[in-house]
Amino acid sequence: MVKKLMIGMMLMIFSCLVSNAYADYPPAYEGRLLFTSYCLICHGPDGKGNGPLSVKMNIKPADLTVTVRTRSDTILKKIISGAGRQTITGRDRHNLISQAMPEWENILSEQEIRSLIAYLRFISTSKHKLMGDPEMGFKLYERYCQACHGLEGEGDGIMTSLIKMEPMDHTNPATMSGLSNEELVQSIENGKGDFMPAWKGIISREKIEALVSYIRLLAN
Ligand code: HEC
Ligand code: HEC
């Protein structure tokens, strides 16, 4: 009886682990959705500070594509959460950031704030626009690309343990920013090297563009 219960519990834990591994969006992807929901109203769709509410505000929302570059993750976390006094480089948060920026400590979890920071890093470093729907891209990547590229895009998918190959690491911002959207589309359509398959005629152009957008959000 006890043993059966134990096995049952272990199976439950195991299935949680498995389903979590698949349900977890990469941080910048998740951050983009959270940003749209909580931040866009002031900071605008591109983070440039031109959200619909900004015209009515005396203190203008920051252009995050500029300011975020000079801020560490730790400082950003403090700015966003508003947690504690004496927080930012030893100074009160409000010496640096006015009350016009809400404090999110009790609204967003630590993980959500981490995801937001990943997305802020994306919008302040990526030269490339998202050309398609990353949600669609995520679903396709999970099903057809992770076999070689790994779910998080690090190039360590299950196939690499069977066959010697080095799929590109999609999380490397330096290599990724050197490639244009169109170059990525071409590689996916026509294949590359010995093992990267050509997907032209197998998945539509729209889906390939969705995949490129998803890949962009992996680089962080
Ligand atoms: C009600 C409007 C409003 C909302 C909503 C809002 N912000 Fe802000 N935010 C501001 C304003 C205004 C400033 C500039 C404050 C200042 O300069 O004193 C700011 C500043 C910031 C800064 C600091 C910029 C710097 O100087 O480096 C960050 C980071 C930031 N916001 C992130 C976010 C994130 C992430 C969200 C969503 C979770 C968010 N904001 C939601 C109004 C808002
Ligand atoms: C059978 C393994 C395999 C599968 C499946 C696979 N890839 Fe690849 N991919 C590779 C390998 C290996 C490379 C490195 C090719 C090279 O540079 O020699 C690569 C490279 C790439 C590149 C980089 C091209 C460049 O310009 O450097 C992109 C983008 C890419 N793959 C996207 C995808 C997408 C999207 C999918 C799913 C639709 C996918 N791959 C599925 C193995 C695979």
Side-chain angles (χ1 to χ4, degrees), residues 23-73 75-82 93 96-142 152-153 170-171 173 176-185 188 204-220:
D24 263 4
Y25 292 124
Y29 174 93
E30 177 68 5
R32 180 168 175 258
L33 299 182
L34 292 167
F35 185 89
T36 307
S37 171
Y38 293 101
C39 323
L40 182 149
I41 189 169
C42 291
H43 290 282
D46 301 320
K48 290 189 182 300
N50 57 353
L53 189 60
S54 68
V55 287
K56 301 199 178 82
M57 294 177 76
N58 295 329
I59 300 174
K60 293 295 167 210
D63 178 349
L64 300 175
T65 64
V66 176
T67 62
V68 160
R69 268 179 238 161
T70 60
R71 305 246 189 257
S72 70
D73 282 11
I75 297 291
L76 281 175
K77 194 176 149 201
K78 287 172 177 172
I79 291 177
I80 297 168
S81 69
R93 174 182 188 263
L96 190 66
I97 304 296
S98 71
Q99 301 274 15
M101 162 67 183
E103 301 188 358
W104 300 94
E105 188 184 11
N106 299 320
I107 295 165
L108 300 172
S109 70
E110 279 213 14
Q111 169 145 20
E112 287 173 322
I113 291 178
R114 266 201 304 278
S115 298
L116 278 162
I117 293 172
Y119 182 62
L120 296 185
R121 293 269 174 248
F122 169 77
I123 57 174
S124 59
T125 54
S126 179
K127 308 189 290 254
H128 310 283
K129 284 244 172 279
L130 294 181
M131 67 186 326
D133 171 14
E135 169 98 53
M136 182 197 271
F138 170 69
K139 293 192 179 125
L140 291 162
Y141 198 89
E142 191 185 28
E152 281 160 22
H170 290 145
T171 65
M176 288 309 297
S177 65
L179 294 165
S180 70
N181 284 340
E182 198 48 44
E183 281 171 321
L184 291 172
V185 167
I188 299 169
S204 65
R205 168 84 195 197
E206 187 196 7
K207 287 179 175 160
I208 290 177
E209 290 184 0
L211 279 160
V212 169
S213 294
Y214 178 73
I215 290 171
R216 289 272 177 235
L217 290 171
L218 288 169
N220 255 288

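Only one option out of Ile80, Leu34, Ile117 pairs with Glu112 in a side chain to side chain contact (heavy atoms under 4.5 Å, CB included); it is Leu34.
The line from CG of Leu33 to CG of Leu116 is 10.0 Å long, rounded to the nearest 0.5 Å. Annotation: the span from Leu120 atom CG to Ser115 atom OG amounts to 10.5 Å, rounded to 0.5 Å. Distance CG/Asp46 to OG/Ser124: 12.5 Å, rounded to 0.5 Å. Between the CD1 atom of Ile215 and the CD1 atom of Ile188 there is a distance of 4.0 Å, given to the nearest 0.5 Å. Taken from CG in Leu217 to NE2 in His170, the straight-line distance is 13.0 Å, to the nearest 0.5 Å. In this structure, Lys207 NZ and Lys139 NZ are separated by 11.5 Å, a value rounded to the nearest 0.5 Å.
Nearest heavy atom pair, residue Arg216 against residue Asn181, reads NE-OD1, 2.9 Å. Closest approach of Gly132 to Ser213, counting heavy atoms only: N-OG, 2.6 Å. Smallest separation of non-hydrogen atoms from Leu218 and Glu152: CD2-O, 3.6 Å. Taking each heavy atom of Met136 and Ala210 in turn, the nearest pair found is SD-CB, 3.6 Å. The minimum heavy-atom distance between Phe122 and His128, with the atom names listed, is CZ-O, 4.3 Å. Closest approach of Thr36 and Arg32 over heavy atoms only: OG1-O, 2.7 Å.
At distances below 3.5 Å, not a single donor-acceptor pair connects side-chain atoms of Arg114 with backbone N or O atoms of Pro27. With hydrogens and angles ignored, the 3.5 Å screen pairs a side-chain donor or acceptor of Lys127 with a backbone N or O of Ser177. A donor-acceptor pair under 3.5 Å is absent between the side-chain atoms of Lys48 and the main chain of Thr65, judged by distance alone.
For Glu182 and Lys129, the salt-bridge test fails: no basic side-chain N is under 4.0 Å from an acidic carboxylate O.
Under the 30°/60° scheme for interplanar angles, the aromatic rings of Tyr141 and Tyr214 are found to be tilted.
Other residues, nucleotides and ligands place no more than 12 heavy atoms under 6.0 Å from the CD atom of Glu206. In the displayed structure, Glu110 atom CD is contacted under 6.0 Å by at most 12 heavy atoms of other residues, nucleotides or ligands.
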| Can Tyr119 and Glu30 be said to form a side chain to side chain donor-acceptor pair (under 3.5 Å), step by step? | CA-CA 8 Å; Tyr119 182 62; Glu30 177 68 5; over 6 Å; no
